[in-house]
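Notes follow the structure.
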Amino acid sequence: MGVGGGLGMEATNCGALLRELQQIWAEVGESEGEKNKVLSEIERECLQVYRRKVDDANRTRVQLHQSVATKEAEVASLVATLGEHKLYLKKDKSVVPLKEQLAAVVPVLENLKGKKEERLKQFSDIQSQIEKIRSELSEYSDGDDKANSLIVDENDLSTRKLNNYQAQLHALQKEKSDRLHKVLEYVNEVHCLCGVLGIDFGKTVNGIHPSLHQNGLEQSTNISNSTLEGLANTISNLKAEQRSRIDKMRETMESLCKLWKLMDSPQEERRQFNRVLSVLISSEEEILSPGVLSQETIEKMGAEVERLTKLKARRLKEIFMKKRSELEEICRSAHIEPDASTAPEQTNEMIDSGMIDTSELLAKLESQILKAKEESLSRKDIMDRINKWISACDEEAWLEEYNQDSKRYSAGRGAHINLRRAEKARILVTKIPAMVDNLINRTFAWENARNKPFLYDGGRLISVLEEYRLNREQKEEEKRRYRDQKKLESILLKEKEAIFGSKGSPKRAVSLNRRTNGYRSSGTTSGLMTPNPRRSSLGGATPELLTPRSCSGHYNRYFSDSRRLSATQLNFGDDSLSTFTSISGQFIGLIAK
């Protein structure tokens with residue numbers, strides 16, 4: 001029922017009561033004044049009731065206005081905070097009662113509050129994720145603490161700002177994903193390189209960051225800039241080490257292959273390095289076998305190279321010793337001095353020190369051998385003549401010893417053989433001067449053709465031959481003087497016999513013979529006088545003439561060998577000759593008296 005219907009009912013009720021009051025007044029007989037007074041009081045009391053009701057209604061209206069305004073202000077603030085202007089559309093207040101307005105704004109306000117709470121949670125989650133990712137990307141690890149202490153700005157919870165945060169979060173998540181992928185890629189590469197190089201992977205990555213090697217879930221993998229930089233540097237260092245080891249192993253393997261080929265090593269020794277050899281011929285990116293470039297493998301290869309090098313050195317020394325022996329044998333047979341630059345002591349020292357190329361040294365030895373052979377061939381004719389001369393000198397020494405043997409004509413065993421040899425020796429001795437002259441002429445021709453002296457065991461052959469010829473001439477002169485003195489002795493004896501008769505004083509004859517017996521006749525037709533036994537080579541004392549095999553310095557300063565045909569015995573004793581001359585003079589004086 002409307003307000004007008006309520007007033008009409010009220011008016012009907014009041015009229016019925018007024019009529020009932022008037023009937024009572026009529027029955028009572030109230031005066032008009034009393035009636036008007038009561039009616040005035042009734043009207044005043046009714047006005048007061050109406051006023052009180054109007055005031056209550058007015059206060060209710062004000063409260064409703066305030067409530068609606070407050071709710072609308074909250075709605076406006078939330079709309080502004082959330083940026084959700086489409087969620088609340090204002091209606092015309094002039095046609096809508098306050099209660100309806102309040103009833104309409106309350107659900108909108110509740111909806112906006114729910115939106116705000118949800119938006120706050122979204123902002124908090126996004127910001128915590130952003131801070132956590134930023135902390136993972138940075139040098140620090142307190143992202144969880146920062147996420148827990150984040151304060152969200154409640155004055156701006158708009159979708160635009162939320163979208164901005166989401167965009168930041170997506171960018172950071174993408175960067176994290178990229179970095180994580182890169183870190184894992186780096187870690188895998190480090191693991192592969194460590195495996196190839198035989199290096200401890202855990203120790204290597206722990207030096208960069210412990211999280212890179214931890215398998216637990218309590219700590220996520222560190223993807224900071226320092227970790228990436230450390231991994232990149234580690235990979236660079238490991239690759240540099242890999243290249244260094246590859247170069248070193250290739251160099252070592254090259255040495256091994258050369259040594260294998262040189263030493264003709266069996267396949268069993270080579271087989272242990274087949275895996276390394278197959279790896280080294282591959283490119284750097286294809287080398288993935290674990291431990292193939294380890295320090296242990298390098299040391300093993302180095303030890304094998306050292307072993308083969310020592311074996312090579314021993315064999316080279318044997319080869320050089322054989323070559324040197326061949327050279328020395330050629331030089332010994334040709335009586336020339338071998339080159340001292342390839343002496344065993346020097347070659348062994350050079351081989352041990354590695355200061356010279358062995359092939360060069362071997363070529364040098366071969367060249368010296370070839371040169372020695374050529375020189376030996378060029379000296380062959382002279383050497384043959386030297387050997388004949390030396391043989392003749394030996395025969396001469398034997399003949400002199402044979403002539404001194406008083407039993408040489410006895411009918412003993414082998415006497416006829418010695419007689420035939422003595423006859424041949426006498427003929428050969430007569431040819432010695434011609435041999436020496438021919439040898440000197442040929443030696444001079446050899447020296448002029450090659451513009452260098454002919455050396456025999458380190459001394460010049462010409463000097464020895466000339467000295468020998470001079471000594472032999474002196475010897476012949478001494479022999480002639482001795483023969484002349486023998487003739488004089490014979491004449492003196494004949495004159496003595498003529499003076500004293502055939503029975504002369506035997507004592508003086510014996511005395512004379514004793515005085516003149518410093519030399520004795522050899523008893524041979526050669527007429528050679530020898531005061532010494534045969535040469536040392538035949539078991540006796542030193543022979544008479546120097547030969548090129550010795551001449552260590554008594555007459556020839558060029559020679560150093562020990563074989564001699566000594567010229568010191570060619571002087572026939574000057575003291576004995578002077579004694580003999582003195583005796584002869586005395587004997588002539590006696591005859592004159």
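Start at 1 with the first residue, then count along the sequence. Every value quoted in this text rests on a predicted model; they were computed, and no experiment measured them.
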**Worked verdict on E254 versus R250 for side-chain contact (heavy atoms from CB on, under 4.5 Å)** = CA-CA 6 Å; E254 184 178 356; R250 282 175 177 168; over 6 Å; no
Does the [X] side chain pair with the main chain of [Y], one donor and one acceptor, at a distance under 3.5 Å?
X	Y	answer
T297	L293	no
T234	G230	yes
S67	L64	no
N58	V54	no
S177	Q173	no
Q272	E269	yes
R460	P453	no
S31	E34	yes
S244	A240	no
S128	S124	yes

**Item:** Set of salt bridge (Lys or Arg N to Asp or Glu O under 4.0 Å) partners for K312, sequence neighbours left out
**Value:**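 With sequence neighbours excluded, K312 shows a salt bridge (Lys or Arg N to Asp or Glu O under 4.0 Å) to no residue whatsoever.
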**Item:** Option among E328, H335, E329 that satisfies the side-chain hydrogen bond (donor to acceptor under 3.5 Å, both in side chains) test with R332
**Value:**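 Answer after filtering E328, H335, E329: E329.
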**Asked** After noting the C-alpha distance and the side-chain angles of E185 and R179, does the key distance pass the salt bridge (Lys or Arg N to Asp or Glu O under 4.0 Å) rule?
**Response** CA-CA 9 Å; E185 182 180 349; R179 286 201 182 192; over 6 Å; no
Please round to the nearest 0.5 Å and tell me the distance separating atom [atom1] of [X] and atom [atom2] of [Y].
X	Y	atom1	atom2	value
Q48	E43	CD	CD	11.5 Å
T159	K115	OG1	NZ	10.5 Å
K161	L82	NZ	CG	12.5 Å
L172	I130	CG	CD1	6.0 Å
C192	Q242	SG	CD	8.0 Å
L102	E72	CG	CD	9.5 Å

With a 4.5 Å cut-off on side-chain heavy atoms, are [Y] and [X] touching?
X	Y	value
L316	L362	no
R52	D55	no
E326	M321	no
F201	V187	yes
V108	L112	yes
K452	E447	no

Looking at [X] and [Y], does any basic side-chain N land under 4.0 Å from a carboxylate oxygen?
X	Y	result
K371	E375	no
D178	K174	yes
E360	K364	no
E366	K323	yes
E306	K310	yes
R270	E304	no
K121	E118	no
E117	K113	no

Assess whether atom [atom1] of [X] is packed by more than 12 heavy atoms of other residues, nucleotides or ligands within 6.0 Å.
X	atom1	answer
K37	NZ	no
K182	NZ	no
E41	CD	yes

Does a donor on one side chain and an acceptor on the other come within less than 3.5 Å for [X] and [Y]?
X	Y	result
T252	S255	no
T342	R324	yes
R160	N163	no
R134	Q168	yes

Minimum heavy-atom separation for [X] to [Y], with atom names?
X	Y	result
I223	L228	O-CD1, 4.2 Å
V190	L238	CG1-CD1, 4.0 Å
Q295	R245	N-NH1, 3.4 Å
S376	I330	CB-CG2, 4.2 Å
F123	L162	CZ-N, 3.4 Å
D457	E337	C-OE2, 3.5 Å

**Request:** Validate the cation-pi geometry between R379 and F454: distance from NZ or CZ to the six-membered ring centre under 6.0 Å, angle to the ring axis within 45°.
**Result:**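 Judged by the rule (NZ or CZ under 6.0 Å from the ring centre, within 45° of its axis), R379 counts as positioned above F454.
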**Request:** Please test L137 against S224 for side-chain contact (heavy atoms from CB on, under 4.5 Å), starting from the C-alpha separation and ending with a verdict.
**Result:** CA-CA 4 Å; L137 300 179; S224 63; over 6 Å; no
**Message:** Would V38 and W25 count as a side-chain contact (heavy atoms from CB on, under 4.5 Å) here? Give the steps.
**Reply:** CA-CA 11 Å; V38 172; W25 279 343; 3.6 Å; yes
**Message:** Show every ring-ring contact (aromatic ring centres under 6.0 Å, His included) that has at least one partner inside residues 59-83, sequence neighbours left out.
**Reply:**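 Sorted result for residues 59-83: empty, none.
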**Request:** Could you go through the side-chain contact (heavy atoms from CB on, under 4.5 Å) check for L39 and L18 one step at a time?
**Result:** CA-CA 9 Å; L39 289 174; L18 186 56; 3.3 Å; yes
**Item:** Residues which pass side chain to side chain contact (heavy atoms under 4.5 Å, CB included) with P107, listed by chain and number, not counting sequence neighbours
**Value:**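 Partners of P107 by the side chain to side chain contact (heavy atoms under 4.5 Å, CB included) criterion come out as none, since no residue qualifies.
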**Request:** Anything under 30° is parallel, anything over 60° is perpendicular, the rest tilted; go ahead and classify F273 against W260.
**Result:**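 Rings of F273 and W260: tilted, 30 to 60°.
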